[in-house]
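Everything below concerns the one structure shown next.
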Amino acid sequence: MQANDIGVWLGLDVGKESHHACALDRNGDKVHDKPLGQDETEIRDLLSRLSERGRVLLVVDQPNTIGSLPLAVARDMGVAVAYLPGGAMRKAAQLLPGDAKTDERDAYVIAFTALHMPSTLRDCGSDDETLAGLKVLSGYDEDLAWETTRHVNRLRSLLLQIHPAFERALKSDRITSDTVLALLERYGGPAGMRRTGIARVSEWARSRKLRNSAAIVASLFDAIGRQTVTVAGTEAAETVIPAIARQFMELKRQRREVAGRVERLLENHPLLTVLTSMPGIAAKTGSQILLAIDGDITRFENSARLAAYAGIAPVTRRSGTSIRGEHPSRGGNKRLKNALWQSAFIAAFHDPESNACYRRKRAEGKRHNAAIICLARRRCDVLYSMLKNGTLYQPKQTDLAKAA
């Protein structure tokens, strides 16, 4: 939308129960500056009255959660909407006189910035029901992932306290396997397993058809035999460990359920079919990419803009003759950056073309992470073209191996 299409710039400092609305006209004069209830009727009434002065642009500082209702009402009324990121808002506030932090001033800063610095505004994203549902499920899965990590750390901490050798035997992600969790829930830990004996533990694991139970039980009992003393607090720890293991298994079940819902939600989404045709991208990674771009690749002028948004494009630093060079970006959309990095990592070892590109970068002297980022940047060009044209991945036409 062009600036000359707008007659009123409405800044909304959103809140849980009420917002503060400040509206400016083309001259920068205030035409409204009052609290606004978190209520559809009040929001509609204000937008209707302001629309009499010209087309309204509603700008919020929080496009999700508490800012969702004003955006939904505005879209329903055909009112243009935008989002002012917190960093841009803080910088703009420094250009204005005063340093007070009030809802009234924040709303004015939002409206002032929207009027005078429209390039700082961002798209609020689409109101597509599928993407909105995906955002909710993704947020819930992130919460579950955080809880999962917390439970793993707690388990490791307790086991390291009472039996370091036993904790070392649960190397890598073995501690998160269903077999180990079932054993910890059943026996509590090394002391409980020692009392029961390897024969009975092995028989119980076989009766439950636990995967790879023979090798796991053997390694755990080997570790148990390396320590003969009982550390103080072992009994208490082994009353807590089963509860943590049980909670961890429930978290894993919930994450599997969320993953299933995500797949069902996106099973008919055309862009997901395009994304998952590329090596290294599955439903979960594809959904993260869709969320990061709000399901609309046309938001980005070209693949370079998409790469910069993801933070996988190098940043040039130059000052006079003493500071020159390119460095990895520390910014970007973390969700998109992680999705592109992870998909490139998988493709580097399972897709011939990607593997060739990765090996070439390694041969040039780049370290593993740098080579993966280079591969992700090359794949970003292909991905952009696929999404823009709605075409599936075509290995013969995407010569990543020769890309430099």
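R362 contributes a side-chain N or O that, together with a main-chain N or O of K366, makes up a donor-acceptor pair within less than 3.5 Å. Side chain of S138 to main chain of K135: no donor-acceptor pair is present (N/O by atom type, distance under 3.5 Å, no hydrogens or angles). Between the R26 side chain and the I6 main chain, a donor and an acceptor come within less than 3.5 Å of each other. A donor-acceptor distance shorter than 3.5 angstrom exists from the side chain of R105 to the backbone of A93, with no hydrogens or angles considered. A donor-acceptor pair is defined here as one N or O able to donate and one able to accept, closer than 3.5 Å; no such pair exists between the side chain of S157 and the backbone of N153.
Aromatic ring centres of F300 and Y384 lie farther apart than the 6.0 Å criterion allows.
Look at E142 and R335 and you find a salt bridge, because one of the NZ, NE, NH1 or NH2 atoms lies within 4.0 Å of a carboxylate O, short of that distance. Salt bridge status for R261 with E257: present, with a side-chain N to carboxylate O gap under 4.0 Å.
In this structure, R299 satisfies the cation-pi test against Y309, with its NZ or CZ atom closer than 6.0 Å to the six-membered ring centre and inside 45 degrees of the ring normal.
L183 places a side-chain heavy atom less than 4.5 Å from the side chain of I216. Proximity of K252 to R255: side-chain heavy atoms (C-beta onward) are nowhere separated by under 4.5 Å.
Looking at D13, D103, D33 one by one, the single match for side-chain hydrogen bond (donor to acceptor under 3.5 Å, both in side chains) with H20 turns out to be D33.
Aromatic ring orientation, F345 versus W341: parallel (interplanar angle below 30°, classes split at 30° and 60°).
The side chain to side chain contact (heavy atoms under 4.5 Å, CB included) check on V136 picks up nothing, with sequence neighbours excluded.
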For E203 and R200, what are the C-alpha separation, side-chain angles and deciding distance, and is it a salt bridge (charged side-chain N to carboxylate O under 4.0 Å, His left out)? CA-CA 5 Å; E203 177 58 30; R200 291 174 61 188; over 6 Å; no
Could you go through the side chain to side chain contact (heavy atoms under 4.5 Å, CB included) check for L383 and L340 one step at a time? CA-CA 10 Å; L383 192 65; L340 294 177; 3.7 Å; yes
Please walk me through it: do D106 and D61 pass side chain to side chain contact (heavy atoms under 4.5 Å, CB included)? CA-CA 9 Å; D106 287 347; D61 60 341; 5.7 Å; no
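Side-chain contact of S213 with R208: a donor-acceptor pair under 3.5 Å is absent, judged by distance alone.
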